[in-house]
Amino acid sequence: MSAGYNPFSIKCYCFLIFLGIILICPKTLQANPKKPIFAKQKKTIVLDPGHGGYDNGALGPEGTFEKNVTLDLARMVAAELENTCRVILTRTDDYFLNIPSRTSMANHVKADLFISIHSGGSFLHQASGITLYFFKEISGPALTPDTEPSKPFERIDNRSPWSNIQNRHQTSSKIFAQLMLNRINEQTVFKKSEMLGAPLMVLEGADMPAVCLEIGYITNPAEEKSLRDISVLSNIAQGIRNGIDDFFEKVR
Ligand SMILES: [Zn+2]
C-alpha cells in the first residue's frame, strides 16, 4: 500500500476531532452567570503620607507636625476604602522614606491610583486652603515638598530613571484631581481650594494617575486647629473616597 496522500484517512481524522469538540464543548464553554470568567478585580490605591521620621514636614504654631497629620489622614482614607479597594500605604508609621521609594512602591504593585498627602506650610500665617496638584512639567528639574515652611518646594537635581513617566497620565491625573477636589469641597470647612499643575518630584515617577493633596495650611492657626480635629479629617477622608469612586465610575 502506498504511504502517500490518503484523502479518506484525513477526512476520518477530521470527523473524529469534530465529534470530540461537539461532545466536550457544551460543558466547558457554557457561560455560568454566577461565576463570570473575568471577575471584577479590586482597584489598587496607594496612599502616600508625606514626610516621616526625622522629616517632620511643616510645623504648626501649636506644635503639630505635618508628618502626623498626613499619616492620620492616610489611615482614615484606608479605612474608608478597605471594603472596596486594595489599599497600600507607602509608610505605615513614623519613619523616613525617600521620595523615589514612594512612587517605586506604587509602580511595583501596579497601582491604579497614587495619592500623596501633605499639608501646606508658609511663614505667612494667613496662607490657607486646599491645593490639589497634578504633574505638569514646566522646565528644569522636579520640585519636592520640603520641611521648611519658608520653602514649600526645593529643587532636586538628581532625577530618577522614571523622571517624567507621569507625563503620559497627565490628562487622567488632572481629571482625577478635579473630581476629588469637587468631593472634598462638599465635605470640608476649608473655604479656599484650587487645582494646580506643577513639576512635583513626588508625582513624576508614578506610572498611573497620581495627585498630591495639600490639605490646608498647618502654619495657619485656624487650619492647624481643623487638622487636629478628627471629625474634620474624617470628612476629608470621605471626600477623597467619593472622588476615587467618581473617577472609577466616570473615567475607567
Ligand atoms: Zn509636605
Side-chain angles (χ1 to χ4, degrees), residues 45-52 55-85 87-94 102 113-134 145-149 152-153 176-196 198 200 202-203 210-247:
I45 314 295
V46 170
L47 302 172
D48 173 43
H51 311 280
D55 175 9
N56 295 322
L59 176 65
E62 295 292 323
T64 310
F65 289 136
E66 180 187 353
K67 66 175 181 178
N68 295 333
V69 172
T70 60
L71 185 56
D72 288 346
L73 180 57
R75 285 172 172 161
M76 288 184 184
V77 177
E80 288 283 340
L81 295 170
E82 65 181 354
N83 292 328
T84 53
C85 298
V87 185
I88 294 164
L89 270 62
T90 55
R91 88 176 159 88
T92 55
D93 214 325
D94 185 17
R102 298 168 188 259
L113 287 174
F114 176 80
I115 304 167
S116 191
I117 299 171
H118 289 259
S119 74
S122 171
F123 273 142
L124 303 172
H125 281 190
Q126 66 270 33
S128 64
I130 298 167
T131 310
L132 250 173
Y133 291 97
F134 61 92
D146 190 71
T147 60
E148 295 181 44
F153 300 105
F176 177 43
Q178 187 62 67
L179 289 170
M180 188 195 288
L181 192 59
N182 293 345
R183 289 300 207 147
I184 290 174
N185 283 340
E186 293 174 356
Q187 299 278 3
T188 65
V189 294
F190 298 95
K191 292 184 174 64
K192 282 172 53 184
S193 69
E194 62 181 341
M195 186 176 80
L196 290 174
L200 299 188
V202 75
L203 299 178
V211 296
C212 176
L213 168 64
E214 279 200 348
I215 193 74
Y217 273 73
I218 206 165
T219 44
N220 177 314
E223 295 199 347
E224 179 194 26
K225 192 176 175 186
S226 294
L227 292 171
R228 292 165 72 113
D229 185 332
I230 296 297
S231 65
V232 170
L233 290 185
S234 175
N235 286 342
I236 295 167
Q238 287 173 35
I240 294 171
R241 184 205 61 199
N242 292 338
I244 291 169
D245 289 347
D246 287 351
F247 180 72

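By convention here, the first residue in the shown sequence is residue 1.
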Is the side chain of E224 donor-acceptor paired with the backbone N or O of T219 at a distance under 3.5 Å, no angle test?
-> no
Sequence neighbours excluded, which residues qualify as side-chain contact (heavy atoms from CB on, under 4.5 Å) partners of E186?
-> R183
Can you check whether I218 reaches F65 side chain to side chain, under 4.5 Å on heavy atoms?
-> no
Under the side chain to side chain contact (heavy atoms under 4.5 Å, CB included) criterion, do T90 and V46 qualify, and how do the steps go?
-> CA-CA 7 Å; T90 55; V46 170; 3.6 Å; yes
I215/I184 under side chain to side chain contact (heavy atoms under 4.5 Å, CB included): CA gap, chis, key distance, verdict | CA-CA 10 Å; I215 193 74; I184 290 174; 4.3 Å; yes
Are the side chains of P49 and L73 in touch, meaning some heavy atoms are under 4.5 Å apart?
-> no
For the pair I240 and N242, evaluate side chain to side chain contact (heavy atoms under 4.5 Å, CB included) and give the outcome as yes or no after the intermediate values.
-> CA-CA 5 Å; I240 294 171; N242 292 338; over 6 Å; no
Return the minimal non-hydrogen interatomic distance between S119 and T70, and the atom names on each side.
-> N-CG2, 4.4 Å
By ring-ring contact (aromatic ring centres under 6.0 Å, His included), which residues pair with F176, not counting sequence neighbours?
-> F247
Could you go through the side chain to side chain contact (heavy atoms under 4.5 Å, CB included) check for L81 and I244 one step at a time?
-> CA-CA 9 Å; L81 295 170; I244 291 169; 3.7 Å; yes
Least distance between heavy atoms, S193 atom then L181 atom | CB-CD1, 3.8 Å
Distance-minimising heavy-atom pair for Y133 and A198 = CD2-CB, 3.8 Å
Tell me, do M76 and I230 make a side-chain contact under 4.5 Å, heavy atoms counted?
-> yes
Would you kindly say whether E66 and H51 are connected by a side-chain donor-acceptor distance under 3.5 Å?
-> yes
Is a donor on one side and an acceptor on the other found under 3.5 Å between the side chain of D246 and the backbone of L179?
-> no
Side-chain contact test, heavy atoms from C-beta onward, threshold under 4.5 Å: evaluate it for L203 versus F114 and give yes or no.
-> yes
Taking only Lys NZ, Arg NE, NH1 and NH2, and the carboxylate oxygens of Asp or Glu, determine whether K67 and D55 approach each other closer than 4.0 Å.
-> no
Non-neighbouring partners of E80 that pass side-chain contact (heavy atoms from CB on, under 4.5 Å), sequence neighbours left out = A237, Q238, R241
Going from SG on C212 to CD on E214, what distance comes out if it is rounded to the nearest 0.5 angstrom?
-> 5.5 Å
With sequence neighbours left out, the residues meeting side-chain contact (heavy atoms from CB on, under 4.5 Å) with N182 are Q178
Donor-acceptor contact below 3.5 Å, side chain E223 vs main chain Y217 | yes
For S122 and A127, work out which heavy atoms get closest and say how close.
-> CB-CB, 3.8 Å
P221 vs H125 side-chain heavy atoms within contact, under 4.5 Å = yes
State, yes or no, whether a side-chain contact exists between L47 and R91 at a heavy-atom distance under 4.5 Å.
-> no
Partners passing salt bridge (charged side-chain N to carboxylate O under 4.0 Å, His left out) against R102 (at least two apart in sequence or in another chain) = D48
Please identify each residue that fulfils salt bridge (charged side-chain N to carboxylate O under 4.0 Å, His left out) with D72, with sequence neighbours left out.
-> none
Any side-chain heavy atom of T188 sitting closer than 4.5 Å to one from I130?
-> yes
If you measure from CG on L227 to OG1 on T64, what distance do you get to the nearest 0.5 Å?
-> 8.0 Å
